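This structure is a prediction, so every number in the text was calculated from the model and none was measured. All values below were derived from every heavy atom in this structure, side-chain atoms included, with hydrogens, water molecules and symmetry-related copies excluded.
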Amino acid sequence: MKSKTFVYIRGNQLKISIYYTFTLLKIMRNTKPFWCIFLMFYLFQSCADNEVNSKADYDPNKPVKLTSFFPKEGGAKDKILLSGENFGSDPDKIKVYFNNARAAVVSSSGNKIYAIVPRLPGENPKISVVVGSDSIAFDETYVYNIQAQVSTVTGTGDKTFLAGTLDQAKVYGKYLDLDAQGNLFMTWRDGGSYGVARINEKENIVTALYQAASSPNPYANGVTVDRGTGIMTVSHESVAEVFFSFDPREAWTLRQRNAQFSAADYGKIVQADRYANFVTFCPYDGYLYTRFRDGHIAKIHPETYAATIVHKGPYGSQYGQAINPAKPWELYITLHSNATPIEARQGILVLDLRDPDGTGGFKRINAPGGGGFRDGPVADAIFNLPKDIKFDNDGNMFIADYGNHCIRMLSADGIVSTVAGQPTKAGYKDGGPIESLFNQPWGVAVNDQGDIYIADWNNARIRKLVIE
């Protein structure tokens with residue numbers, strides 16, 4: 001095949017494009033339709049890139065117009081061309097959004113913008129362009145396709161714990177979290193022992209930071225990491241004032257911490273229901289937050305350990321807790337089937353920590369009921385024993401839907417979708433989002449790149465979901 005040649009004379013913006021049309025037509029006659037479209041798009045894109053050399057300033061006295069975009073569908077990191085008028089040629093002054101997710105603008109010729117599709121913008125996103133004081137959106141929506149792959153990080157299916165290399169280690173983890181260096185921390189309390197472990201893919205290692213054959217220190221459940229300091233904190237379920245910290249500067253040596261409640265606040269906690277499944281670091285105010293089964297929420301100073309009850313919410317066992325980094329004053333929890341009032345059962349609830357009592361307390365965001373499966377707007381969505389929840393940096397929540405054997409995502413714009421696993425079908429299989437299988441996934445964690453780690457509890461493995 002003869003190559004395409006472009007000659008540019010920048011001084012007078014003369015462009016001479018010499019290419020062999022007959023060669024392209026011959027290829028198109030003997031190539032599958034997909035590749036024909038690709039070749040046409042490649043030529044279209046190249047011509048659009050050439051036009052960037054002709055400066056066309058944005059005129060604030062004229063409207064910005066949108067005419068079309070190509071291609072009509074794709075996934076994260078795909079290229080897209082937006083056609084219209086009066087964009088200007090400075091990409092730094094142009095903003096392109098897919099719903100609320102901002103796209104990277106590579107270049108503009110004034111009437112064509114070359115951009116990169118952002119990650120996880122939500123279902124069928126609207127594309128909008130902002131230049132100066134002008135903001136305008138296409139009427140037609142973009143068809144966004146999630147491109148995902150599930151793989152196994154470690155675990156053999158043996159429901160015990162054994163440290164070692166990733167291919168030899170045995171794990172039976174429940175809860176997960178990550179630090180900024182890629183250390184994945186796991187708590188477990190099944191298979192004959194209790195403990196906290198560190199998993200590192202680059203180092204190819206699973207190590208126990210704490211392990212015991214019985215439950216006293218700690219009876220660990222939820223785990224949280226302050227990614228600024230790297231300090232990991234885990235709950236001690238059975239003692240109201242006790243939790244544990246692991247500082248990387250001390251090689252993650254276990255340290256017992258005792259929350260310092262006033263007598264009045266400590267007396268509010270029903271002793272029979274003092275189980276605290278989680279301690280979560282909140283970057284909004286720098287405090288640790290925990291919730292007891294009787295519904296009381298306490299905040300704990302991370303250095304003095306002074307503790308204060310800040311809210312009393314619904315009763316019930318809790319299996320997930322997370323802070324939304326996009327709105328770090330929002331504390332989310334998942335409640336199980338024993339919650340009261342009944343309206344709180346199998347729900348995802350949110351509390352505004354800026355004024356926990358003044359806003360009326362926890363608000364349920366998903367549909368009432370539970371024990372079923374339904375995607376769609378979060379107000380209509382149904383889960384089946386939702387467990388752990390975590391957010392990515394864009395405010396998308398990932399939910400381990402234990403009873404439905406799948407991983408669900410609540411997008412920042414309020415849409416619930418299934419991103420991996422086959423709803424209601426248990427099994428073990430790596431691969432794409434449609435063919436992958438889980439068996440009662442329990443814990444989730446999300447790194448800064450948006451990769452999701454999953455404690456696939458009944459498969460006794462740690463899995464990884466990469467979404468592009």
Side-chain angles (χ1 to χ4, degrees), residues 153-155 159-161 169-179 182-191 193-200 206-212 215 217-227 231-238 242-246 252 254 275-282 288-293 317-323 331-336 348 383 385-392 397-403 407-408 438-447 451-465:
V153 175
T154 190
K159 296 179 178 180
T160 56
F161 177 83
K170 299 175 183 179
V171 296
Y172 199 18
K174 281 192 171 177
Y175 290 106
L176 306 172
D177 205 5
L178 285 142
D179 67 11
N183 293 299
L184 177 67
F185 299 101
M186 176 191 82
T187 64
W188 82 94
R189 46 185 285 188
D190 301 293
S193 68
Y194 301 77
V196 181
R198 180 178 74 95
I199 302 169
N200 190 292
V206 177
T207 57
L209 303 179
Y210 167 81
Q211 184 176 5
S215 61
N217 287 320
Y219 195 14
N221 277 307
V223 53
T224 185
V225 178
D226 175 356
R227 291 190 183 174
I231 295 174
M232 172 184 52
T233 307
V234 301
S235 63
H236 187 305
E237 177 182 282
S238 301
V242 173
F243 60 99
F244 297 85
S245 66
F246 298 75
W252 294 290
L254 180 149
Y275 301 106
N277 295 88
F278 294 90
V279 178
T280 302
F281 175 75
C282 175
L288 297 165
Y289 283 84
T290 190
R291 176 189 172 276
F292 302 101
R293 191 170 68 178
S317 298
Q318 177 187 350
Y319 289 89
Q321 181 169 297
I323 295 286
L331 175 69
Y332 287 81
I333 66 171
T334 61
L335 290 183
H336 233 264
I348 299 177
F383 301 88
L385 303 178
K387 300 283 189 180
D388 202 10
I389 52 177
K390 291 291 192 311
F391 287 86
D392 66 13
M397 178 197 291
F398 295 89
I399 305 113
D401 195 351
Y402 174 92
I407 305 303
R408 316 276 291 279
F438 297 86
N439 192 346
Q440 296 178 328
W442 197 302
V444 289
V446 186
N447 65 16
D451 303 325
I452 301 102
Y453 290 83
I454 301 137
D456 192 2
W457 183 67
N458 212 17
N459 279 323
R461 290 175 170 94
I462 301 298
R463 315 280 291 281
K464 184 178 181 179
L465 170 62

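- Residues satisfying the salt bridge (charged side-chain N to carboxylate O under 4.0 Å, His left out) test with K464, not counting sequence neighbours, are E201.
- Partners of T207 according to the side-chain hydrogen bond (donor to acceptor under 3.5 Å, both in side chains) rule, which considers only residues two or more places apart in sequence or in another chain, do not exist here.
- Contact between K390 and L176 at its shortest, heavy atoms only, is NZ-O, 3.0 Å.
- Checking Y175 against W442 by side-chain atom types alone, a donor-acceptor pair falls below 3.5 Å.
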### Query
Does the pair L331 and R291 meet the rule for a side-chain contact (heavy atoms from CB on, under 4.5 Å), with working shown?
CA-CA 11 Å; L331 175 69; R291 176 189 172 276; over 6 Å; no

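- Put simply, OH on Y319 and CD1 on I333 are 13.0 Å apart, with the number rounded to the nearest 0.5 Å.
- Of all the heavy atoms in P441 and D401, the pair that sits closest is CG-O, 4.1 Å.
- Across A322 and I389, no two heavy atoms sit closer than the pair CB-O, 3.4 Å.
- Note that CZ of F246 is 13.0 Å distant from CZ of R198, once rounded to the nearest 0.5 Å.
- A distance-only check finds a donor-acceptor pair linking the side chain of T224 to the backbone of F281 [under 3.5 Å].
- Considering only residues two or more places apart in sequence or on other chains, Y194 meets the side-chain contact (heavy atoms from CB on, under 4.5 Å) condition with R189, S215, Y219.
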### Message
Run R227 and L178 through side-chain contact (heavy atoms from CB on, under 4.5 Å) and show every step you take.
### Response
CA-CA 8 Å; R227 291 190 183 174; L178 285 142; 3.7 Å; yes

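- Across every non-hydrogen atom of N200 and G182, the tightest pair is ND2-O, 4.1 Å.
- A salt bridge does not link D190 to K159: none of the charged side-chain nitrogens sits closer than 4.0 Å to a carboxylate oxygen.
- Note that CZ of R408 and CZ of F383 are 5.0 Å apart. Values are rounded to the nearest 0.5 Å.
- When all heavy atoms are compared, the tightest approach of V171 to R461 is CG2-CA, 4.0 Å.
- Remark: Y275 OH is loosely packed, at most 12 non-hydrogen atoms of other residues, nucleotides or ligands lying under 6.0 Å away.
- Residues meeting the side-chain contact (heavy atoms from CB on, under 4.5 Å) test with D179, sequence neighbours left out: Q181, N183, F185, V225, W252.
- Remark: D451 engages no residue in a salt bridge (charged side-chain N to carboxylate O under 4.0 Å, His left out) (not counting sequence neighbours).
- From S235, atom OG reaches atom CZ of F243 across 11.0 Å, with rounding to the nearest 0.5 Å.
- Listed by chain and number, the residues in a ring pair (Phe, Tyr, Trp, His ring centres under 6.0 Å) with W188 are F161 (sequence neighbours excluded).
- Here NZ of K174 is found 7.0 Å from NZ of K387. Values are rounded to the nearest 0.5 Å.
- Side-chain atoms of I199 and I462, non-hydrogen and from C-beta on, do get closer than 4.5 Å to each other.
- Judged purely by atom type and a 3.5 angstrom limit, D388 uses its side chain to pair as donor or acceptor with the backbone of V444.
- When each of D177, T290, D226, V279 is checked for a side chain to side chain contact (heavy atoms under 4.5 Å, CB included) with T233, only V279 meets the rule.
- Of the inter-residue distances, the one linking Y172 atom OH with N459 atom CG reads 10.0 Å to the nearest 0.5 angstrom.
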### Task
Dump the intermediate steps for ring-ring contact (aromatic ring centres under 6.0 Å, His included) on Y332 and F391, then the final yes or no.
CA-CA 10 Å; Y332 287 81; F391 287 86; 5.2 Å; yes

### Message
Pair T187, M232 - check side-chain contact (heavy atoms from CB on, under 4.5 Å), show working.
### Response
CA-CA 11 Å; T187 64; M232 172 184 52; over 6 Å; no

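- For the residue pair N221 / E237, a side-chain donor-acceptor distance below 3.5 Å is found, with atom types taken as modelled.
- For the pair N277 (side chain) and G320 (backbone), a donor-acceptor distance under 3.5 Å is absent.
- The two atoms that bring I399 and P386 nearest to each other are CG2-CB, 4.0 Å, heavy atoms only.
- With a 4.5 Å cut-off on side-chain heavy atoms, M397 and I348 count as touching.
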